[in-house]
Amino acid sequence: MTTLTAELPLYSEPSYQYNAAIENQSRLFRFNWSDRTASWHLDITNEDGTVIVQGLKLVPSYPMLIDYQLEEFGITGYLLLMQENTGQNGSANTLITDIPDRYTLFYVYEQIE
């Protein structure tokens with residue numbers, strides 16, 4: 001097995017979406033900032049609109065999706081939000097706008113050869 005990573009872009013807008021292919025299938029990634037929880041949340045859907053994950057809170061350095069059984073959707077990996085070494089201390093007040101400068105989001109999965 002080979003571990004593969006795909007970098008997914010992050011933007012500073014409080015709500016945005018884009019399509020990205022993971023494990024050879026196109027997915028819609030929808031990111032939303034919540035003022036109430038002072039955090040980012042993610043919805044993932046298939047091209048046909050089938051909801052895979054809804055309201056997933058983005059948490060740095062934790063393998064997000066690992067706690068879900070998503071094999072039926074063709075998802076065997078996890079998301080990993082890694083903080084960049086910028087020398088800045090994180091705070092909820094700036095996370096909404098500086099997430100693309102301070103973090104990188106990866107999808108990590110195993111490819112069976």
Side-chain angles (χ1 to χ4, degrees):
M1 279 194 224
T2 303
T3 301
L4 299 176
T5 60
E7 185 174 342
L8 298 170
L10 296 170
Y11 300 99
S12 59
E13 289 84 18
S15 181
Y16 62 93
Q17 65 183 27
Y18 57 80
N19 286 310
I22 58 171
E23 295 193 63
N24 299 317
Q25 293 187 34
S26 181
R27 316 286 184 180
L28 176 65
F29 290 82
R30 185 175 298 118
F31 295 81
N32 290 293
W33 173 259
S34 170
D35 285 331
R36 185 179 64 78
T37 62
S39 59
W40 283 97
H41 296 269
L42 171 64
D43 301 335
I44 304 172
T45 58
N46 278 334
E47 281 187 319
D48 65 2
T50 304
V51 175
I52 299 171
V53 174
Q54 192 168 30
L56 179 71
K57 184 176 179 179
L58 296 186
V59 179
S61 304
Y62 180 78
M64 296 169 286
L65 300 180
I66 198 103
D67 300 323
Y68 296 83
Q69 298 295 320
L70 301 175
E71 289 82 10
E72 69 181 276
F73 299 107
I75 295 179
T76 62
Y78 57 89
L79 293 168
L80 193 58
L81 184 66
M82 298 300 298
Q83 187 167 7
E84 298 295 322
N85 208 3
T86 62
Q88 300 173 347
N89 290 327
S91 71
N93 296 331
T94 58
L95 186 59
I96 185 172
T97 57
D98 65 2
I99 192 167
D101 296 328
R102 293 183 29 226
Y103 293 90
T104 305
L105 181 62
F106 296 100
Y107 179 71
V108 182
Y109 65 103
E110 299 288 332
Q111 181 178 30
I112 300 171
E113 298 175 7

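Start at 1 with the first residue, then count along the sequence. What you see is a predicted model, and the numbers here were worked out from it, not measured in a lab.
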### Val51 side chain near Asp43 side chain, heavy-atom distance below 4.5 Å
no

### Query
Are the side chain of Tyr103 and the backbone of Leu10 linked by a donor-acceptor contact shorter than 3.5 Å?
no

### Message
When you compare the side chain of Ile75 with that of Val53, does any pair of heavy atoms fall below 4.5 Å?
### Response
no

### Task
Report the distance from atom OG1 of Thr104 to atom CD of Glu7, rounding to the nearest 0.5 Å.
5.0 Å

### Message
Please report the interatomic distance CG(Leu8) to CZ(Phe106), rounded to the nearest 0.5 Å.
### Response
9.5 Å

### Query
Got a donor-acceptor contact below 3.5 angstrom from the Asp48 side chain to the Thr50 backbone?
yes

### Query
Is the shortest heavy-atom distance from the side chain of Glu84 to the side chain of Asp101 under 4.5 Å?
no

### Message
Parallel, tilted or perpendicular, judged at 30° and 60°: which one describes the rings of Phe31 and Tyr16?
### Response
parallel

### Task
Could you grab the distance from atom CZ of Arg30 to atom CG of Leu56, nearest 0.5 Å is fine?
14.0 Å

### Query
Hey, does Ile52 have a side-chain heavy atom less than 4.5 Å from the side chain of Tyr68?
no

### Message
With heavy-atom distances below 4.5 Å as the criterion, would you say the side chains of Tyr109 and Leu65 are in contact?
### Response
no

### Message
As an exercise, state the distance from NE2 of His41 to CZ of Arg36, rounded to the nearest 0.5 Å.
### Response
7.0 Å

#### Entry: Straight-line distance of Ile99 CD1 to Tyr11 OH, nearest 0.5 Å
13.0 Å

### Message
Contact between Leu70 and Ile44 at the side-chain level, heavy atoms closer than 4.5 Å - yes or no?
### Response
no

#### Entry: CD on Gln111 to OG1 on Thr2, rounded to 0.5 Å
6.0 Å

### Query
Do Asn19 and Arg27 have side-chain N/O donor and acceptor atoms under 3.5 Å apart?
no

#### Entry: Ser61 and Gln83: side chain donor to acceptor below 3.5 Å
no

### Task
Please step through side-chain contact (heavy atoms from CB on, under 4.5 Å) for the pair Leu80 and Thr5, ending with a clear verdict.
CA-CA 10 Å; Leu80 193 58; Thr5 60; over 6 Å; no

### Task
Verify the distance criterion only: is there a donor paired with an acceptor across the side chains of Thr76 and Glu110 at less than 3.5 Å?
no

### Query
Does some side-chain heavy atom of Phe73 sit less than 4.5 Å from a side-chain heavy atom of Gln25?
no

### Side chains of Phe29 and Ile22 in contact at under 4.5 Å (non-hydrogen atoms)
yes

### Query
What are the two closest non-hydrogen atoms of Ser12 and Pro100, and how far apart are they?
N-CG, 3.8 Å

### Message
Using every non-hydrogen atom in the two residues, find where Pro63 and Tyr78 come nearest and quote the distance to one decimal.
### Response
CB-CD1, 3.4 Å

